[in-house]
2 protein chains.
Amino acid sequence: MPDTVKHVGTPAESQLSLLPLLTLDCIILGFHEDQLRVLLLRWKGTQEWSLPGGPVRKDESVDAAAHRILKERTGLDQIFLQQFHVFGDVKRYEREEIREKLKHVVDPEKWYERAVSIGYYALVDYSKVTPMPDAFTEECQWWDIQEIPPLLFDHNHMIDAALRALRMQLSWQPIGYNLLPDQFTMPELQRLYEMILGRTLDPRNFQRKILALGIVDRLEARRKGGAHKAPYLYQFNKARYEALLTEGNLSFS
Amino acid sequence: MPDTVKHVGTPAESQLSLLPLLTLDCIILGFHEDQLRVLLLRWKGTQEWSLPGGPVRKDESVDAAAHRILKERTGLDQIFLQQFHVFGDVKRYEREEIREKLKHVVDPEKWYERAVSIGYYALVDYSKVTPMPDAFTEECQWWDIQEIPPLLFDHNHMIDAALRALRMQLSWQPIGYNLLPDQFTMPELQRLYEMILGRTLDPRNFQRKILALGIVDRLEARRKGGAHKAPYLYQFNKARYEALLTEGNLSFS
DNA sequence: CCAAAAGTGTTAAAGCTACACCCATGT
DNA sequence: ACATGGGTGTAGCTTTAACACTTTTGG
């Protein structure tokens, strides 16, 4: 964790080693208290929020840059990361307005004229994340996906696009495997799918389907301590899950 | 057609107005004689082939650049184009070897140190395309997807990735609508799906499914002139097709 | 008349949808 | 004891997979 910050640097000191005009932004998704959440950053001295992101260095691949940024913001290595779109419009944002808002953080002279940004979404285990701001920001926090405020740049649009991509790729990506802790209950898994799909599912049909796929194993233990009947705990059966995903056979209808 | 060439320009004259280090490459797919085909370019004075592509200009969006390049190579406007991946490795190709091979076409001093390339696939009606080489190449030709030669850069890898993306998006994209001519037969449509999926389908089940979806209308006429029994002609029912696609309900199993 | 491709129907199995009640636990 | 959420079975319907023969046409 201590060595995450040294990568950041000020714009001045690292400018020379960056790929010009190419940045990336990450939609980091977690799941907590039955809600999908996104990690957002608040810029120093403002109430303005944005997605975590940054430039690509000359000596690293684009994917490596995404992993670096993820590591810096969450403390996690080995994150599930998926490129989903390139945002390449000429005027991706109202430059003047944003320059003005952030002038005490970023020297307005140093703004790129234009930047093409590669969008990634990341699926992380909420409970393992330690949110950390970067050099330009002073707060890094989870936001409920339903309650995202207006963000800087085109970042609201990026989040929408990421969720659409995630939905489309639901049957090809190890969604549950990455978003849930090692052990979880069937209702938790169901609500995760419901959040992503944006509709409710029948618990009997859901359980039958998941069990028939064989992607989870029921454990002996139940989750104790909550009010109400103690639910069974499950674990993903990784081998089985990956076998099905390579065939794209995890569709939900 | 005459005004497609004026966009090309030599590297020298247009260098200043380009986004540095950002290029794109297009996998242009057509369907002819029961085969999926890709449009490739042969570099001047060599036997080396590559995908059509090029840099992004400072005053155009990335998507606009892709449409421009498509128009230049095929003569077609309004092409179906889909971004599918960013190729961002530091060493995407063996620079030295390729510089050497192409030194009589591109001044080795002018090679970028590194370029990040955005991959697009395009689905076109083979019969409407007029292949046209660009400023660096002298031949533009369709190649059977099964018989692609070793290409420059990482372009063989790009084609593989495009086909994987196409397969994954089969139930969300208007594949047939863009790859087939206005009128087509059921066996043609079936073989298109077979080519993309890489396996054979049962003709009875295929026909039943397509007709049940209602995405095509059978015409009065049959295709005459071939040997053997004359097949019915069909047309896409565009409205119905798009309605199903927005729900992702065109899966093939 | 022969070879090659087009066109079609049936049956069994699997998967999907819809639906309602009892159980366990903490307060 | 009650409120809350967890857990399960069944019946009807739809969808899928597997399978083979007849028709048309040109050569």
Side-chain angles (χ1 to χ4, degrees), chain A residues 31-35 170-171 176 180 183-195 197-235 240 244 247-253, chain B residues 31-35 170-171 176 180 183-195 197-235 240 244 247-253:
Chain A
F31 187 64
H32 185 63
E33 289 176 352
D34 294 347
Q35 293 295 324
L170 199 49
S171 49
L180 290 173
Q183 300 190 355
F184 53 90
T185 69
M186 194 59 77
E188 281 166 359
L189 182 60
Q190 179 181 338
R191 286 189 292 261
L192 170 57
Y193 272 89
E194 289 178 337
M195 277 296 122
L197 292 169
R199 62 196 164 83
T200 58
L201 301 168
D202 181 286
R204 289 158 290 193
N205 296 338
F206 182 82
Q207 172 144 192
R208 187 182 310 115
K209 171 140 189 179
I210 293 287
L211 293 179
L213 288 168
I215 57 175
V216 297
D217 300 320
R218 182 182 283 191
L219 304 176
E220 297 291 312
R222 293 171 176 238
R223 167 159 304 159
K224 315 227 166 170
H228 324 306
K229 184 170 178 176
Y232 291 103
L233 285 167
Y234 293 83
Q235 245 176 1
R240 177 84 176 138
L244 286 176
E247 299 155 31
N249 281 339
L250 269 179
S251 65
F252 271 76
S253 45
Chain B
F31 187 65
H32 185 60
E33 290 177 352
D34 295 346
Q35 294 294 324
L170 200 48
S171 50
L180 291 172
Q183 299 189 357
F184 54 89
T185 68
M186 195 58 78
E188 282 167 357
L189 182 61
Q190 182 181 334
R191 285 188 293 262
L192 170 57
Y193 272 89
E194 289 178 337
M195 278 294 121
L197 292 170
R199 62 194 164 85
T200 59
L201 301 169
D202 180 286
R204 290 158 289 192
N205 294 339
F206 183 81
Q207 173 146 190
R208 186 181 311 113
K209 173 140 187 181
I210 294 288
L211 293 178
L213 289 168
I215 57 174
V216 299
D217 300 321
R218 183 183 280 191
L219 304 176
E220 296 291 311
R222 291 170 175 240
R223 167 160 304 159
K224 312 226 167 167
H228 323 306
K229 183 169 180 177
Y232 291 103
L233 285 168
Y234 294 82
Q235 247 176 359
R240 177 83 176 137
L244 286 177
E247 299 156 32
N249 281 337
L250 269 179
S251 66
F252 271 77
S253 44

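Below, chain A is the first sequence line, B the second, and so on; all start at residue 1.
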Open item on the list: Can you measure B/R223 atom CZ to C/dG7 atom P for me and round it to whole angstrom units?
Closed with: 11 Å
Task: OP1 or OP2 of C/dT8 under 4.0 Å from side-chain N/O of B/Q207 - done: yes
- [ ] Measure the distance from CD1 on A/I210 to C1' on D/dT8 and round it to the nearest whole Å.
- [x] 16 Å
TODO: Calculate the interatomic distance between A/K209 atom NZ and C/dA18 atom C1'; express it in whole Å.
DONE: 16 Å
TODO: Calculate, to the nearest 0.5 Å, the distance between atoms CG and CG belonging to A/L197 and A/L192 respectively.
DONE: 9.0 Å
Listing time: all N or O pairs from protein to nucleotides 12-14 of chain D that are below 3.5 Å?
none

Task: Sugar-phosphate only, base, or nothing, as touched by A/R218 at under 4.0 Å among non-hydrogen atoms - done: sugar-phosphate
TODO: Could you check which residues of residues 183-190 of chain A get a heavy atom under 4.0 Å from DNA chain D? Sort them by number, please.
DONE: A/P187
Task: Interatomic distance, B/D34 CG vs C/dA5 C1' [rounded to whole Å] - done: 11 Å
- [ ] Whole angstrom is fine here: how far is it from CZ in B/F206 over to P in D/dA17?
- [x] 13 Å
- [ ] Kindly give the heavy-atom pair with the smallest separation between A/L189 and A/G176, and that separation in Å.
- [x] CD1-CA, 4.5 Å
TODO: State whether B/Y234 and B/R218 meet the cation-pi test: NZ (Lys) or CZ (Arg) under 6.0 Å from the six-membered ring centroid, and within 45° of the perpendicular axis.
DONE: no
Task: Shortest non-hydrogen separation from A/M186 to A/I210 and the atoms involved - done: CE-CG2, 4.1 Å
TODO: Could you state the atom-to-atom distance from CG of A/L201 to P of C/dA18 in whole Å?
DONE: 11 Å
With 3.5 Å as the limit, what N/O pairs link the protein to nucleotides 23-27 of chain D?
residue	atom	partner	partner atom	Å
D/dT24	O2	B/K229	N	3.1
D/dT25	O4'	B/H228	O	3.4

Task: Residue closer to the 5' end of DNA chain C, A/R204 versus B/R204 (nearest nucleotide) - done: B/R204
Open item on the list: It should be established whether A/R208 places a side-chain nitrogen or oxygen under 4.0 Å from OP1 or OP2 of nucleotide C/dA18.
Closed with: no
Task: Nearest-nucleotide pick for A/Y232, side chain only, options being D/dG7, C/dA18, D/dG6 - done: D/dG7
Task: Contact check, side chains of B/Q207 and B/P203, non-hydrogen atoms, under 4.5 Å - done: no
TODO: Could you tell me which non-hydrogen atom of B/R240 sits nearest to which non-hydrogen atom of B/L213, and how far apart they are?
DONE: NE-O, 2.6 Å
Task: Value rounded to 0.5 Å, distance of CD in B/Q235 from CG in B/L180 - done: 12.0 Å
Task: Test side-chain hydrogen bond (donor to acceptor under 3.5 Å, both in side chains) applied to B/E188 - qualifying residues, sequence neighbours left out - done: B/R223
Task: All side chain to side chain contact (heavy atoms under 4.5 Å, CB included) counterparts of B/H228, not counting sequence neighbours - done: none
TODO: Mind checking the OG1-CD spacing from B/T200 to B/Q190? Nearest 0.5 Å is all I need.
DONE: 8.5 Å
TODO: In whole angstrom, give the distance that lies between atom CG of A/N205 and atom C1' of C/dA20.
DONE: 13 Å
TODO: Please name the pair of heavy atoms, one in A/E194 and one in A/L201, separated by the smallest distance, quoted to 0.1 Å.
DONE: OE2-N, 2.8 Å
Task: Residue list, side-chain hydrogen bond (donor to acceptor under 3.5 Å, both in side chains) with B/R204, at least two apart or on another chain - done: B/D202
Open item on the list: Rounding to an integer number of Å, can you tell me how far A/L213 CG sits from C/dA14 P?
Closed with: 15 Å
- [ ] State whether A/K224 places a side-chain N or O below 4.0 Å from either non-bridging phosphate oxygen (OP1 or OP2) of C/dT25.
- [x] no
